[in-house]
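The structure appears right after this line, and notes come after that.
Fair warning: this is a prediction, and the values are worked out from it, not measured in the lab. Computation of the quantities below employed the complete heavy-atom set of this structure, encompassing side-chain atoms and omitting hydrogens, waters and symmetry-equivalent molecules. In each ligand, atom 1 is the first atom listed, and ligand 1 is the first ligand listed.
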Amino acid sequence: MWLTEELNNLKKSGLYNNILTIESPIGGEIIIEGRKLLNFCSNNYLGLANNPRLKKAAIAAINKFGVGPAAVRTIAGTTTLHKKLEKDLAKFKKCEAVLTFQSGFMANLATIPALVGEGDLIFSDELNHASIIDGCRISKATVIRFKHADTVDLESLLKKASKKVKKLVITDGVFSMDGDIAPLDKIYKVTSKYGALLMVDDAHGEGVLGRNGRGIVDHFNLHGKVDIEVGTMSKALGVVGGLVAGKGEIIEWLTQRARPFLFSSAMTIPDVGACIEAVKILGSSGVLVKKLWSNADYLSKGLSRFGFDTGKSQTPIIPLMLGEVTLAKEFSNLLFENGVFAKAIGYPTVPEGKARIRIMNTAVHTKKDLDKALLVFEKVGKTLKVI
Ligand SMILES: *Cc1c(COP(=O)(O)O)cnc(C)c1O
């Protein structure tokens, strides 16, 4: 059987994904195989994945509306709960309208093919997320990759393109492996000059960037200028779900043409209930977002003091640059043995020779947690002669 061989090849080359089983809620600490670990792996930036208010809201939503939407919205209607989430999100993000999807991945698969097709052009940052790449493929538009965050390259490519065809520029907001932020203000300038639509995928900026975590558009004060903002409720918002925010007409178009909206059921009731509460928490207080950034700053400074290379992150994602993938894996294993959960990331997710430990910060770590983690990083760094 060819699959047996392929699976063995993955295992031999070290590219096989071993998925760990978690025996506790996702928080600053988690339990894996009976061991309590400090968690620096999940995208639970604000700790909302196990927040009591979200849990209560999800249960209340179930009690009122049941558990599932039971059909696609265009055929069987939609609940007032789904409408409320979209209205609240639009208000929070200061845009005309929002449409929710089952996930951020779905939101990209839905949006890109609804806006461009055969004969059109997509200009896509070379480091864009897999769901953008797949959305571009499904659309059948011609994809032109521009150099990462390079607006000079983007402009030269836009300049060469025919004026007559529809053009869409797409970038991640925050790049999840390095933690750098797309220069969206400069991208907007170039994009608008050449009459292209601009779409940003703010999965790692939602709940992290901007006032109270309103995202990258708010961070750069580009309200009303970025045409399409894709987001996720699966990261900082702590639940699961995707969203598209933008002009009313674009959102209306998606309700008519986006296939995952037309042919797949809506978000579940408890997810929607919990997300409404998450938006409410963010809208009323910036405390969690501030705590996230101060935690990241504390950890990053501590690691730098030990002499670690922490890359060029501009966000609470800290890449601990190690180089060889074998070293990164050994580092991660030793962290695990010492009670810290942070994963090694290597080729092909990042370029060869740029393997790293990716440290994901969260607002729910205490200073004691961070000090404990720093001691472990120092110990492992010295053991492996990295510092
Ligand atoms: C995580 C991520 C997604 C997928 O979001 P889900 O809600 O988990 O499907 C999409 N785009 C980017 C840039 C991401 O980082």
Side-chain angles (χ1 to χ4, degrees), residues 17 19 26 41-46 48-49 54 85-86 89 93 98-113 122 124-139 145 148-149 168-184 187 198-210 213 215-217 219 226 228-246 258-261 264-268 270-272 274-275 278-279 313-319 343 345 349-350 358-362:
N17 282 323
I19 302 170
I26 312 295
C41 263
S42 58
N43 297 319
N44 185 25
Y45 288 107
L46 303 176
L48 295 178
L54 267 70
L85 174 59
E86 286 164 349
L89 278 168
K93 295 190 77 69
V98 164
L99 191 64
T100 57
F101 289 88
Q102 304 83 353
S103 71
F105 203 110
M106 268 313 189
N108 277 322
L109 295 192
T111 306
I112 302 167
I122 297 172
S124 176
D125 186 292
E126 62 183 350
L127 296 187
N128 275 346
H129 188 260
S131 55
I132 296 178
I133 295 170
D134 288 5
C136 292
R137 280 186 189 144
I138 294 173
S139 78
R145 300 195 331 163
H148 174 53
L168 174 65
V169 173
I170 311 180
T171 181
D172 269 22
V174 174
F175 289 84
S176 60
M177 293 302 144
D178 288 300
D180 56 327
I181 301 174
L184 201 62
I187 293 176
L198 175 55
M199 169 171 156
V200 64
D201 178 346
D202 201 26
H204 283 275
E206 214 81 69
V208 176
L209 295 178
I216 191 167
V217 170
H219 172 83
V226 174
I228 309 115
E229 199 183 339
V230 167
T232 177
M233 291 168 274
S234 328
K235 289 179 174 136
L237 268 66
V239 192
V240 77
L243 68 99
V244 181
R259 291 168 70 84
F261 185 79
S264 183
S265 299
M267 286 174 72
T268 72
D271 289 340
V272 175
C275 285
V279 175
S313 176
Q314 300 166 282
T315 62
I317 298 170
I318 305 176
K343 262 288 170 68
I345 311 250
T349 310
V350 294
R358 188 173 66 142
I359 303 167
M360 300 300 287
N361 281 285
T362 166

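Residue-ligand proximity, H204 to ligand 1, at heavy-atom distances under 4.0 Å covers atoms 15 (O). Interface of T232 with ligand 1, defined as ligand atoms under 4.0 Å from a residue heavy atom, comprises 5 (O), 6 (P), 7 (O). Near K235, with a cut-off below 4.0 Å to any heavy atom, the atoms of ligand 1 are 1 (C), 2 (C), 3 (C), 14 (C), 15 (O). Ligand-side atoms of ligand 1 in range of D201: 10 (C), 11 (N), 12 (C), 13 (C), range being under 4.0 angstrom from any heavy atom. Applying the 4.0 Å criterion to heavy atoms of S103 picks out, from ligand 1, the atoms 7 (O), 9 (O). Heavy-atom contacts of A203 reach the following atoms of ligand 1: 2 (C), 11 (N), 12 (C), 13 (C), 14 (C), 15 (O) (cutoff under 4.0 Å). In the vicinity of F105, heavy-atom distances shorter than 4.0 Å reach the ligand 1 atoms 4 (C), 5 (O), 6 (P), 9 (O). Listed by number with element, the atoms of ligand 1 under 4.0 angstrom from any heavy atom of D172 are 13 (C).
The salt bridge (charged side-chain N to carboxylate O under 4.0 Å, His left out) analysis of residues 169-180, with sequence neighbours excluded, yields the pairs D178-R356.
Between K93 and E229 a salt bridge is recorded (basic side-chain N to carboxylate O distance below 4.0 Å).
Closest approach of G207 to L46, counting heavy atoms only: O-CD1, 3.5 Å.
For atom 5 (O) of ligand 1, the nearest non-hydrogen atom of the protein is G104 CA, 3.6 Å.
A donor-acceptor pair under 3.5 Å links the side-chain atoms of N128 to the main chain of I170, judged by distance alone.
For S131, the heavy-atom gap to ligand 1 drops under 4.0 angstrom.
Taking the six-membered ring for Trp, H129 and F175 have ring centres at least 6.0 Å apart.
Between S234 and ligand 1, a contact under 3.5 Å exists for at least one N or O pair.
Defined by atom type and a distance below 3.5 Å, a donor-acceptor pair is present between the side-chain atoms of Q102 and S264.
The side chain to side chain donor-acceptor pair (under 3.5 Å) test applied to S139 returns no partner, not counting sequence neighbours.
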Would you check, one step at a time, whether the test side-chain contact (heavy atoms from CB on, under 4.5 Å) holds for V230 with F105?
CA-CA 10 Å; V230 167; F105 203 110; over 6 Å; no
